[in-house]
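For the numbers below, each heavy atom of this structure counts, side chains included, while hydrogens, waters and symmetry mates do not. Note that ligands are numbered from 1 as they come in the structure, with each ligand's atoms numbered from 1 the same way.
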Amino acid sequence: MEIIRSVEWMKDAARTAESKERLIGFVPTMGALHEGHLSLVRAAKQQCSPVVVSIFVNPAQFGPGEDLAGYPRNLEHDCHLLEALGVDYVFAPDTAEIYPAGFRTSVRVDGLSEKFEGRIRPGHFQGVCTVVLKLLEIVRPRFAYFGRKDAQQAHIVRQMVSDLNLDAEIVVCPIVREADGLAMSSRNAYLDGEQRRAATALYRSLDAARRKIEAGARGAGEILDEVHTVLDSEPLAKLDYAATVAADSFEITHFLTGSCLLLIAARVGSTRLIDNMFIEERDGSFSAVL
Ligand code: AMP
């Protein structure tokens, strides 16, 4: 496995792979890797060779007062994990390599970037899109792998790729959870023991909504009531939003139709956590995937 720090070297490696007609698979991450990230790497390994994983804590997607400085970083450990999975290249540039002095450009996907996560974290998705576009241009993958854990991010990136006629195909992979249901996240490391227990309320609230749907509920109001009931009974968790949206547009839906997502975000202490559930209609009945 080769660890590449420079944009030019990464572009060279990608060009060489391209010239041999090899299928580049790409997994962008901010490091502090866990099983969620590794599941994306495994999916990439199944379809592609070489596989490139980027590790870059992107300052442009953190707002003032967010956790940029304290974000967990452990490149050495991450590289051990990736090497064991047979990753070919780790692209780990420093900030100045990606945003050299005088950098001025940013990418915004209008209409999708201002709601849900974007409303609470202004500028967040602009930072995400800018870095993802740069990374896709540097690595030039055929397939790029994202987690449904960050469903709005995956949706926005897909929109950007389509709008800008980029070559990469965006593959969205399932959410990997801890044994008690908590969606894996690098930010879970911020939770103390009590908060860690409270954080399962997100999963429990989605699971309650799932049961309601499988019992026949179709109205967003009655489904979201289940989410509120669970989260209201957890004093350490404070809900930011809960909503049902159409999976192909991220427009709020008041009744389940087709494929939908139930999105939730909550604060446990000062840690923001997000989660979601995919709801799918098949032969007139709905099933939900956590
Ligand atoms: P991050 O390092 O948080 O920027 O995440 C990098 C990628 O890993 C993103 O596409 C995330 O959606 C994905 N990811 C993070 N947590 C999980 C998880 N629990 N399950 C699946 N994918 C995840």
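Heavy atoms of P174 approach ligand 1 to within less than 4.0 angstrom.
Taking the six-membered ring for Trp, Y71 and F62 have ring centres closer than 6.0 Å. Taking the six-membered ring for Trp and the full ring otherwise, the centers of F26 and F143 sit at least 6.0 Å from each other.
Distance from atom 14 (N) of ligand 1 to its nearest protein heavy atom, with residue and atom name: D150 OD2, 4.2 Å. For atom 6 (C) of ligand 1, the closest non-hydrogen atom on the protein side is P28 O, 3.4 Å. Among all protein heavy atoms, the one lying closest to atom 20 (N) of ligand 1 is V176 N, 2.9 Å. Nearest non-hydrogen protein atom to atom 5 (O) of ligand 1 is H37 NE2, 3.4 Å.
Note on R5 versus D94: no salt bridge recorded, every NZ/NE/NH1/NH2 to OD/OE distance being 4.0 Å or above. Salt-bridge check for E214 with R210: passed, with a basic side-chain N closer than 4.0 Å to an acidic carboxylate O. The existence of a salt bridge linking E18 and R140 is confirmed by a sub-4.0 Å separation between a basic side-chain nitrogen and an acidic carboxylate oxygen. R204 and E234 are joined by a salt bridge, as a carboxylate oxygen and a charged side-chain nitrogen come within less than 4.0 angstrom of each other. By the 4.0 Å N-to-carboxylate-O rule, E169 lies too far from R158 to be salt-bridged with it.
Both the backbone and the side chain of M184 come within contact range of ligand 1, each with a heavy atom under 4.0 Å. Contacts of H34 with ligand 1, taken as heavy-atom pairs under 4.0 Å, involve the side chain alone.
The aromatic rings of Y99 and F103 sit perpendicular to each other, their planes meeting at more than 60°, with 30° as the lower class boundary.
Close approach of ligand 1 to L40 is summarised as follows: ligand atoms under 4.0 Å from at least one heavy atom of the residue are 7 (C), 8 (O), 10 (O), 13 (C). Atoms of ligand 1 lying under 4.0 Å from any heavy atom of T29, numbered from 1 in the order shown and given with element: 2 (O), 6 (C). Less than 4.0 angstrom separates some heavy atom of M30 from each of these atoms of ligand 1: 1 (P), 2 (O), 4 (O). Every atom of ligand 1 is numbered from 1 in the order shown, and the set under 4.0 Å from a heavy atom of G36 is 17 (C), 18 (C), 20 (N), 21 (C), 22 (N). Taking every heavy atom of F146 and a limit of under 4.0 angstrom, the matching atoms of ligand 1 come to 10 (O).
I4 and L135 fall within the same hydrophobic cluster, where Ile, Leu, Val, Met, Phe, Trp and Tyr residues are linked whenever their side-chain heavy atoms come under 4.5 Å apart, directly or through other members.
Remark: among candidates G147, P72, A144, the nearest residue to atom 10 (O) of ligand 1 is G147, based on non-hydrogen atoms.
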